Amino acid sequence: MTIEEAENGRDDMLIDGPDRVNSIPDGFNANYLKVYYGRLFPHVDIFKWMCYGNDGKHPACDKSYFGRREFSFTLDNDIYLRFQSFNSASELESSIREKCPFKIDIGPVYSVDPAKRHAYAQGGDNVFAPVERELVFDIDITDYDDVRYCCSGADVCLECWPLMTVAIKVIDTALRDDFGFNHILWVYSGRRGVHCWVCDGKARRLTNEQRGAIADYFRVYKGNENSNKKGNENSNKKVSLMGPLHPFLARSYTEVLMPFFEGNLLSSQNILSTEERYEKILSMIPDESVTSELRGKWQGRSSNSKEDINVHRWGQLKHMLQSGKQKGQGLRCVHEIVFTYTYPRLDMEVSKHMNHLLKAPFCVHPKTGRVCIPIDPENCEDFDPTAVPTLSELLQELNTGVIGADVDDEWDKTSFGKSVRFFRSSFLQPLLKSCKEEMETSYNAKLQQTKNNLSW
Amino acid sequence: MEIVGSYRARIQTESVSTLPLYRSAPSLEVRLEDFELYAMDRLRVLKIISDGLSRGKKPDEMEKLVDNLWKDNMRHPDSSEVINKDIISHFVLRLVYCRTEDLRKWFLSMETALFRYRFRLVSSEAQRALMANFDLPCKAVSSAEFENLSDKLKEVARSIAPNAKSTPTADAIFYKVPFEEVPELIAGRRVYIHKGYAYVAMNQVVSLLVTQFRSILSKALILTNRKWTSTIREQEKDRLTPIVEALCTSYLGPDYSQPKEFGEISVKDLDQISKNSFPLCMRHLFDKLREDHHLKHGGRMQLGLFLKGVGLKLEDALAFWKAEFSQKVGAERFDKEYAYSIRHNYGREGKRTDYTPYSCQKIISLTPGVGDHHGCPYRHFSDENLRAALDRMGVGSRAVEDVMDKVRNRHYQLACTLTFEAVHNSQCDAGINHPNQYFSDSQKILQSKQYCGIKSGNLAALETVMPVVLSEVREAWELVVCNHWYSHGNVETSASGSSKRARTPGNGVQVPSCLVDGCTADLSKCRDYHRRHKVCELHSKTPIVTIRGQEQRFCQQCSR
């Protein structure tokens, strides 16, 4: 079946559409994607980014750098093409246009051109190995299913999305302040989560062990289905905090988690409103006397004050815990509850290994049709996943807009333009600038060294 | 290795401490016996360290263990030779363990552990001397900087040891290092980090050195490997190569990548054997799969590879997973999304590696997330869930308490061993180190019990209980009934004997050839069956053959 036929089928179903010429039906298909890759997808920016300054004329440039990067394409019908590599922006662009992949993943930079890896396989031991890779993080809202009541699975709404916002804030601050990284890109994954790319040279050269260490630094949440079954008493702990908090956790708690929990999540998710829900929290409190007293207060009585029932009950709970005999334990318990409900839950495996693939920014999610646009971590609370442009919306904007003379800037006419401009100005340009500086200093150091060697 | 006269003098001045860094291979003369003996001694040390670590021993326990081990195994009658023995044995083992990725990995982590605990045992003076020997990228934090950070540093110290009275004071030494240098401190949130630098307290410095030690050794191992494959192996073909190749196989144990002992199993038997012989981790996954008709990636890997090791063939594995998954996601989606990874596990896709089943150590170190069922139940289950699961396994209440006690002390493998013993009502001295070992040990015990069953003539009843091993049992049974001239003991010994025989072709030293006098048939291309019994196809059917001068006939029923 040709694409035209597929399109016609679609059109036939839309006969009741008021304005068939201008309205582009929702959804996702290869035809839309072709237009998107042809006219909107920022091929050159992706190329520039992945070059990290190695496409310049500086003598220290590594010309083979971009060509050793793995791209992998998922085509229609889940045909998976791994180890694609390209030598130039135009090669990348023409391959994307031709193959029209439903998904583009970015892998590591290998020691040799991944497309020719078999040629090197005979050469001996382990010549084909990843040598550089951005430090990446993947956070999915599905991992929060046990603490959100508005949606489940892949669904996301404005009630639960703030959990992602919190995750971005906590991780972003730690990456910058603790680890000293500067070039960090946050991207909406297109449906149910966010991706993070840390692109500093230092980050790209981390070993697997070091990546694992950073992932573990962020790990607080140790839950799996089996360490926590509903109805089990005293074992409902997914977060286990020993004693006082590490400065990183303490900062996250006071600056982000606690304000969000009390000011937002408590009432938006109605965490303490029904018996089933408050029992879940009570089961996290080891002290029987506290839980039974609270249960007594909450059972069968709706709060008569004007205050939100969740806030009211939380206040009672906090008061009980913190005024008890064992203050330290009570405080720890409050910490554990707040961390359980708000602390970021990372997909650890993605971050730990260099050879993990991650979907490229500006891809289109095949299920939602939404574009994976960057998120500004400084204004991440303003990000609305339901307002992210979809493929059909974009094409409509393209159609209604005046076709300008300047083809390169065509996307400026679309809602998508803002995202690309953000990508360039706050991520790509600073990144390339520091790549250049880094290259310059390392080159000068090398030059100095050879000079010294000569003088000997 | 050659003699260089001046070396001995140099080595003594260099090593003020008794802990060498193994920077370069010594130019010492070594007798061939010592070459092997020293290596064996060190290997014993490393092996026990590996056991200790996998049993989850705590740092202070490990410290004691290493101290005793070292004193027992690495002493030398001539005290000046002790350090040489240390160095020589290390470099011999480097040769032995440089040859594959897995060997390197094992050696690297054991040597690093050894170094860590030995470092903790030497005097603080020697520690500082060692630090100076490393080219460390760190500098001590100045007092002005310390003042600025002291709050944070105290916070960290409290979070590590909430009960300790002492908090860092101005005279405490802290080192400022790039965070990349201390991954284990980062992973445990045991240091304060700011703008890419970690502030390491004096008592944590060992982590810093260990990282350095590890990375230097890791690089050296790869170089040694290159040298080994390019020159040494060929040069030393008659002298060192056989020793080196024999040394590593004697200790690594089977990796269960090929099901050897129990042949194949089929899908319909799985339910039964999962009840009888699966360790808790696998049984839980299996039950969850049957219940939910779905497992997440980690669970699919852990169970899938285990089943492969147990003897489930690819076709059966596909049928099995499909039967479950299609109830949830539909057959079409299974073929599209999941079948690939199953074929991948069997080495039929991607880079075509035949993946090995996960060991206990690997499973314990996994970090299952929400909705995951993999990992080690003894480590990842809550108290109540574990109790309930053990109860379902049929572990008696007293045994459950014993198991829980091991769990509390984080001896997860011991807990599993106790479970094994309770379920099978017999001893397991070797301990459980691998889920597939649990399985095969369990099958061995069940088989010997079955044999007793046969003796009482209850063969029909048996067929329903244990369909899998029946062929084996029948073979054993026929051993007794079969009338021929090969004498043998009871079935139990012959069963364990056959498992040993089955393993020998794996270690690569022996080239399988037909045992019949004068027969030179190359068995490496023959069917497994002929290789296992060291007889070529022709001679397995010949009525009379001579082996070591004796006239014999290969019995096709009992394979002797």
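Proteins get letters first, then strands, A, B, ... in listed order; numbering begins at 1 in each. The structure displayed is predicted, hence computed values, not measured ones.
For B:Phe179 and B:Tyr197, the gap between ring centers reaches or exceeds 6.0 Å. Here B:Phe146 and B:Tyr199 keep their ring centres 6.0 angstrom or further from each other.
Of the atoms belonging to A:Phe248, it is side-chain heavy atoms, and not backbone ones, that fall under 4.5 Å from chain B. Heavy-atom distances place both the backbone and the side chain of A:Asp178 under 4.5 Å from chain B. The part of A:Arg176 that comes within reach of chain B is its backbone (N, CA, C, O), which places non-hydrogen atoms under 4.5 angstrom from that chain. Heavy atoms of A:Leu245 lying under 4.5 Å from chain B belong exclusively to its backbone. Heavy-atom distances place the side chain of A:Phe181, and not its backbone, under 4.5 Å from chain B. Heavy atoms of A:Leu175 lying under 4.5 Å from chain B are absent altogether.
When each of B:Val182, B:Ile186, B:Val156, B:Ile160 is scored by its heavy-atom pairs under 4.5 Å with chain A, the top score falls to B:Ile186. Contact count versus chain B (heavy atoms, under 4.5 Å) is highest, among A:Met348, A:Glu209, A:Arg82, A:Lys202, for A:Lys202. Here A:Leu249 is the residue among A:Thr142, A:Asn182, A:Leu249, A:Asp347 with the most heavy-atom pairs under 4.5 Å with chain B.
Taking a cutoff of 4.0 Å between a charged side-chain nitrogen and a carboxylate oxygen, A:Asp113 and A:Lys116 qualify as a salt bridge.
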- Message: Could you walk me through whether A:Lys359 and A:Asp105 satisfy the salt bridge (charged side-chain N to carboxylate O under 4.0 Å, His left out) test, starting with their C-alpha distance in whole Å, then the side-chain angles of each, then the deciding distance to 0.1 Å, before giving a yes or no?
- Response: CA-CA 4 Å; A:Lys359 182 159 55 167; A:Asp105 284 299; over 6 Å; no
- Could you please spell out the steps behind the side chain to side chain donor-acceptor pair (under 3.5 Å) verdict for A:Thr207 and A:Gln210? CA-CA 5 Å; A:Thr207 63; A:Gln210 290 159 344; 3.3 Å; yes
- Task: Any chance you could lay out the salt bridge (charged side-chain N to carboxylate O under 4.0 Å, His left out) test for B:Arg158 and B:Glu155, step after step, and finish with the verdict?
- Result: CA-CA 5 Å; B:Arg158 270 200 306 274; B:Glu155 229 175 290; 5.5 Å; no
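A:Arg204 and A:Cys199 make their closest contact through NE-O, 2.9 Å (heavy atoms, listed as atom of the first residue, atom of the second, distance).
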